[in-house]
Every structure is written in structure tokens, then in C-alpha cells.
K.L.:
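Below is the structure I would like to discuss, written out as C-alpha cells.
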Amino acid sequence: MPLKMYNTLTRKKEEFIPLSPPLVKMYVCGMTVQDRPHIGHMRAYVVSDIVKRWLTYRGFRVKHIQNVTDIDDKVVEKAKTLGRDYRELAEENAAEFMRCSDIMGIERADFYPRATQHIQEIIELVSRLVQKGCAYSTDTGVYFDISRFPDYGKLSRKRIDDLIKGARVQIDETKHSPLDFALWKRAKEGEPFWESPWGRGRPGWHIECSAMSMKHLGETIDIHMGGEDLIFPHHENEIAQSEAATGKPFARFWLHNGLLRLLGGKMSKSTGEFIPALDVLQRFEPDAVRLVFLSTHYRHPMEYSEARLEEGEEALTRMWECIEMLGEKSEEEEKTKGGYLSDDIANFWKDFEDAMDDDFNTPKAIGGIYSLIKDVNLNAENMDGSTARLYRDTLASSLKILGMRMREKELGVFTPRLLDLILDVRQKLREENKYDLADKIRENLSRLGITIKDTPEGSVWKI
RNA sequence: GGCGGCGUAGCCAAGGGGUAAGGCGGUGGUCUGCAAAACCACUAUACAGCGGUUCAAAUCCGCUCGCCGCCUCCA
């Protein structure tokens, strides 16, 4: 089964073949850092992480560039409101983003270009558009002339007439069409600026992505990703300005993730209704957050729910415990020639790969993992060591492909011998029917992160 | 108003012409001093509603209702 992905440009699932295999050039629309990263951003970047990991699994070599838009209207505005230097604000939020991204186990991009470090490239691109007659300069800035790009609207499937009719944009009198968008904005008093052929100013919102994508990946790339709220106008405008400048396709596959909703509405920086990613990641196991994200198809909208995050933690624990159980079993001596179930594993991989190849169907792939766990538990009794090892490796690598890690056990102040000692004493208490004390010990250890399980074979501790 | 998407059990969620994956919860059970965990079994005659096409529809078509996104900054 070929690898297929849904391309917003064609509104179809298409077989993915990069321009120059095995290289895949992937540009992920990063954050505009006027505010803290919220949990919705994390969903987007977990999605891009999955795409990258799967492509890598399939033998491609992914060159991944993710921008940081550290200068634009919003950054300037926010810095002004806070009375802070915009650079300081931008770097602070960018740093928090990187921190969250690392906590989520999102693989780092090859490079995170910043708009402020590509002013020269941006100016060159704008000049190119002006020279080609696709852009014009006015008192307020330089604008892209959409009438010079007949394909305008091809990504968002919008008709120019409809856009003009429904326009809620305040009209800048100097623009030829209300839909023309800024490539370069003249600086007002007190605003940050760079020198340019059109006077002191700063880049418009969309141009930095075109300039940085072209600089780091070339004029035509394989995959361009982002949230579905970016389809219009951001990505539409990127296409217009890039293709008008180069005459070549800007990106071959456009992938967009569904948004994370809060109370039925969109989570966004503009409404102020958002949950900072760091808060969530400090309260919930990051891999559980990832598991919950991956339990809904990436193109579907998803409701933020703490109940689901809790469920996710439990589900993840169950996966971990199954793998740990298999790990212990695989150490055992081979006493029986228990069922060697390689067919099961082969079928599991086939289903897993088919699901992932079909537009990254992670919910289906995860469903397969749960089924395999059920199978394992059903057959655990009469499984020999090598079979257990096979299942363990299968489960562990499937989780790894999805970007989830194994549980790290931290004993903290305890040592195994100390815990054994405590359990010994507690066992004495139990034998003397001093259950209140024994229960107290169990309860207190639980608060310290040590779980005691009283099984027929005796008590065991777990972290 | 224009364009697009979605509506599957109490909840979450795959599937998307051939007879409903999976998870959570719930119920019953195994185990247990109790508990927790884990495990086992059961848990949708049915896919928003109404029509149509078909031997066959949750899946295709039409209409209706509801929700959401974009059209303004946003992952």
C-alpha cells in the first residue's frame, strides 16, 4: 500500500512521492511569538512530528524547517502594550515554545529560522515582485497585487468576488484591491524598523515564510504544514507571492491539522481564550497528552478535555505495564514452547503500516496497539521468553514510532533494598493482623510515588 | 451572506457500498485481610432526520436540522 496523504490543494488523498527521493523538504509553519505557546500549538506540532517520524520510518530523509515569526504587527502591538522590547518578548516566548516542544518529545527541526534574521532575503523577494510588476509601493507600504496572480484562491477555494463581497477588512485607501496584502509595512513612530528601498519598515505577515522556505529548502518544496486556520489568508498569500516571484510551484503537498477547541470554540491567542501548553505539560504526563492528540485523526477538530487527558494517562500506563510485564517475562527461562505467534505480529505490523500510510491514521494504528495488548494479556500465561521478547519489542517500537517513550523509573530517595526492607516489616505487621499499620504504610508510600500491590505471591512495590 | 467541514453507543473515536475497530465508563467476575492495580466476560439490529439510487447504504445522491471552521490576528 502506497503512502498517501490528504493534500489541501487538491482536496484528495494523494500518493506521496517527493521531488528528489529520498529527500523530503518539509516546512512547518511555526509560531508568531507575541504570546505564550498554548496547548493547541502542541497539537499542530505533534502532527508534524508524526509526519516526519513516519516519513523517516518509510526510508525518507526529512529536512525539516520551522520558522519563528518574531516580528509582525501582533508582536509589535503586544510589546507596546506590555511596555517591553519586542525582541525580549519574542525570545522569551520562543524559548518557552522550544521547552514545550522538547517536553512533548517533538523531534527538533533542522533549523528554526527567525524572520528578523532574514530581512535581507525578504527585501530581495519583495524587490523581485516589484520588478515583475506584481507588487506596488504606496504611502503605507508595499503590497502584492493579487490581480497579477490568476491562481489566487486555488488553495482555499475562494473566489475573489466572494471575498470582496464578504470583506470585513478595513480598507486601506492606498491599496488597489482590498485583497492586496502587505509585503512591507512602513514603520510608524516608535516602531521597530529596518532600512529598505521603500524606506524604514518591517516585513508584512506572510512574506517571511516564503523567504525562509526558499532560502533553506529551495523554490519548490515537498510538504508545507500548518493549522487549518492558516489556509486563508496566510498560505494562500504565500503561494501567490512565491509563485509569482519564481514561476514555480511553491509546495507540492499542503497538510493542515484540525484545531483544538475550547468549550466548543476555537482556542486562539486573539480571543485570549487559551490554555498555556506549559501548564498542561506540568499537570499531565506529556506522552499521555500526545496519546490523546493521536487518538483523534489529525484533520478532525478536537475538544480540549482534562478528563480525556486523565484517561490518556491511564491508557498509557496500561501500555507501559504490559511492556514491562513482557520485559520481565522475556528474562524468564524458556520452560515451555509456548505459542510462537509471529503471525499475530506480522498482521499487527501490516495493519499498523496500512493505517499510517493512509493519511496518518493514528487512531486506527493505536486501536491496533490496544488489540495487541489484549492478545498479549490473553496469552501471557503460556508465553515463553522469546515470544514475550518479540511482543515487547513490537509494542515498544510501535510506541516509539508514534513518538512515545518508555516509562522512566525514578526511585528518588529509595533504593530497592530499602523498599524490600520496608515491605518485609510490613509483611510482619500483616501476619500479626496489624492491618491498620500496614495500610498506613501502603498509603504513605503511595504518596511518595511507590505503589504496593499485595498479590497472592506476596507484596511487590512498583514506581 | 459566500466557501468548506462535521454529526457513529453514556462519553471519546476508527470505518466510509456487503452487514458496526478500539478506548473510557458501566455491569458481572478472577484475585484479595482490605484496597489498588491488573486481567476476563458482557455492554450499538445500528451510524442526526427524511427521501432516493442499489440485490445490498452508516457508507453514494438530494433535502432538512444541529454544530464548527474560514472569509479579520491565529497551529
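Please read all numbers here as calculations on a predicted model, not as lab measurements. Naming: A, B, ... by sequence-line order, numbering from 1 per chain. What you see below is based on every heavy atom in this structure, not just the backbone, and it leaves out hydrogens, waters and symmetry mates.
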K.L.:
In whole Å, I'd like the distance from the NE2 atom of A:H300 to the P atom of B:G69.
P.N.:
16 Å
K.L.:
5'-most contact on RNA chain B: A:R159 or A:L260, nearest heavy atom basis?
P.N.:
A:R159
K.L.:
With a 3.5 angstrom cut-off on both distances, give the Watson-Crick or G-U wobble partner of B:A58, or none if there isn't one.
P.N.:
none
K.L.:
What is the distance, to the nearest angstrom, from the CD atom on A:E310 to the P atom on B:C24?
P.N.:
14 Å
K.L.:
For B:G7, give its Watson-Crick or G-U wobble partner with both distances under 3.5 Å, or none.
P.N.:
B:C65
K.L.:
With both distances kept under 3.5 Å, what pairs with B:U53, Watson-Crick or G-U wobble?
P.N.:
none
K.L.:
Rounded to whole Å, how long is the line connecting atom CD of A:E236 with atom P of B:G4?
P.N.:
14 Å
K.L.:
Please work out if A:G312 contacts a base, only the sugar-phosphate, or nothing of the nucleic acid, heavy-atom cut-off 4.0 Å.
P.N.:
nothing
K.L.:
Measure from CZ on A:F293 to C1' on B:A14 and round the result to the nearest Å.
P.N.:
19 Å
K.L.:
Please report the distance separating the P of B:G16 from the corresponding atom of B:U27, rounded so that it comes out in whole Å.
P.N.:
35 Å
K.L.:
When rounded to the nearest Å, what value does the distance between P atoms of B:C47 and B:U59 take?
P.N.:
9 Å
K.L.:
Give the ring-plane orientation class for A:H256 versus A:H235, where under 30° counts as parallel, over 60° as perpendicular and anything between as tilted.
P.N.:
tilted
K.L.:
Does the distance from a Lys or Arg side-chain N to an Asp or Glu carboxylate O, for A:D102 and A:R108, drop under 4.0 Å?
P.N.:
yes
K.L.:
Report the relative orientation of the aromatic rings in A:F253 and A:F16; use parallel for angles under 30°, tilted for 30 to 60°, perpendicular for over 60°.
P.N.:
perpendicular
K.L.:
Decide if the gap between the ring center of A:H41 and the ring center of A:F97 is smaller than 6.0 angstrom.
P.N.:
no
K.L.:
Please give the nucleotide sitting opposite B:C73 as a Watson-Crick or G-U wobble pair, both distances under 3.5 Å, or none.
P.N.:
none
K.L.:
Given B:A14, B:G23, B:C70, which nucleotide is nearest the side-chain atoms of A:H297?
P.N.:
B:A14
K.L.:
Using Watson-Crick or G-U wobble geometry with both distances under 3.5 Å, which nucleotide pairs with B:A13?
P.N.:
none
K.L.:
Just by distance, no angles: are the side chains of A:R430 and A:S459 close enough, under 3.5 Å, to form a donor-acceptor pair?
P.N.:
yes
K.L.:
Quote, to the nearest angstrom, the P distance that separates B:U53 from B:G62.
P.N.:
15 Å
K.L.:
For each nucleotide in nucleotides 31-44 of chain B, reading 5' to 3', give B when a protein heavy atom comes within less than 4.0 Å of its base, S when such contact involves only the sugar-phosphate, and - otherwise.
P.N.:
S-BBBBSSSSS---
K.L.:
Expressed in angstrom and rounded to an integer, what is the separation of A:R261 atom CZ from B:G5 atom C1'?
P.N.:
10 Å
K.L.:
Carefully, step by step, assess A:D454 and A:R426 under the rule salt bridge (charged side-chain N to carboxylate O under 4.0 Å, His left out).
P.N.:
CA-CA 11 Å; A:D454 296 320; A:R426 180 168 172 274; 3.0 Å; yes
K.L.:
When you compare B:U45 with B:A38, how far apart are their P atoms, in angstrom units rounded to a whole number?
P.N.:
29 Å
K.L.:
Roughly how far apart, to the nearest Å, are B:A21 and B:A14 at atom C1'?
P.N.:
6 Å
K.L.:
Using whole Å, report how far CG of A:L230 lies from P of B:C71.
P.N.:
10 Å
K.L.:
Can you tell me, in whole Å, how much space there is between the P of B:G15 and that of B:G26?
P.N.:
28 Å
K.L.:
Take atom CD1 of A:I369 and atom P of B:A13, then tell me their distance rounded to the nearest Å.
P.N.:
18 Å
K.L.:
Taking B:A57 as the reference, what is the distance to B:C42 when you measure between their C1' atoms (whole Å, please)?
P.N.:
29 Å
K.L.:
Does one side chain, of A:Y298 or A:D359, offer a donor that lies under 3.5 Å from an acceptor on the other?
P.N.:
yes
K.L.:
If you check every side-chain atom of A:K364, which of B:A13, B:A75, B:G15 has the closest atom?
P.N.:
B:G15
K.L.:
From the options B:A13, B:G22, B:A75, select the nucleotide whose nearest atom is closest to the side chain of A:P363.
P.N.:
B:A13
K.L.:
Would you classify A:I231 as touching base, sugar-phosphate or nothing, given that sugar-phosphate means primed atoms plus P, OP1 and OP2, and contacts are heavy atoms under 4.0 Å?
P.N.:
nothing
K.L.:
Strictly below 4.0 Å, N to O, side chains only: are A:E191 and A:R202 in salt-bridge contact?
P.N.:
yes
K.L.:
Just checking, is any N or O donor in the side chain of A:D375 or A:Y391 under 3.5 Å from an acceptor N or O on the other one?
P.N.:
no
K.L.:
For B:G33, give the paired nucleotide (Watson-Crick: N1-N3 plus N6-O4 or O6-N4; G-U: N1-O2 and O6-N3; both under 3.5 Å), or none.
P.N.:
none
K.L.:
Touch check for A:G226, heavy atoms < 4.0 angstrom, all strands: base, sugar-phosphate only, or nothing?
P.N.:
sugar-phosphate
K.L.:
Report yes if some heavy atom in the side chain of A:D49 is under 4.5 Å from a heavy atom in the side chain of A:M104; otherwise report no.
P.N.:
no
K.L.:
Partner lookup for B:A41, please. Criteria are Watson-Crick or G-U wobble with both distances under 3.5 angstrom; report none if nothing qualifies.
P.N.:
B:U27
K.L.:
A:N361 or A:E311: which one's nearest nucleotide on RNA chain B is closer to the 5' end?
P.N.:
A:N361
K.L.:
Just how far, in rounded Å, is P of B:A13 from CG of A:L291?
P.N.:
14 Å
K.L.:
Please report the distance separating the C1' of B:C60 from the corresponding atom of B:G23, rounded so that it comes out in whole Å.
P.N.:
30 Å
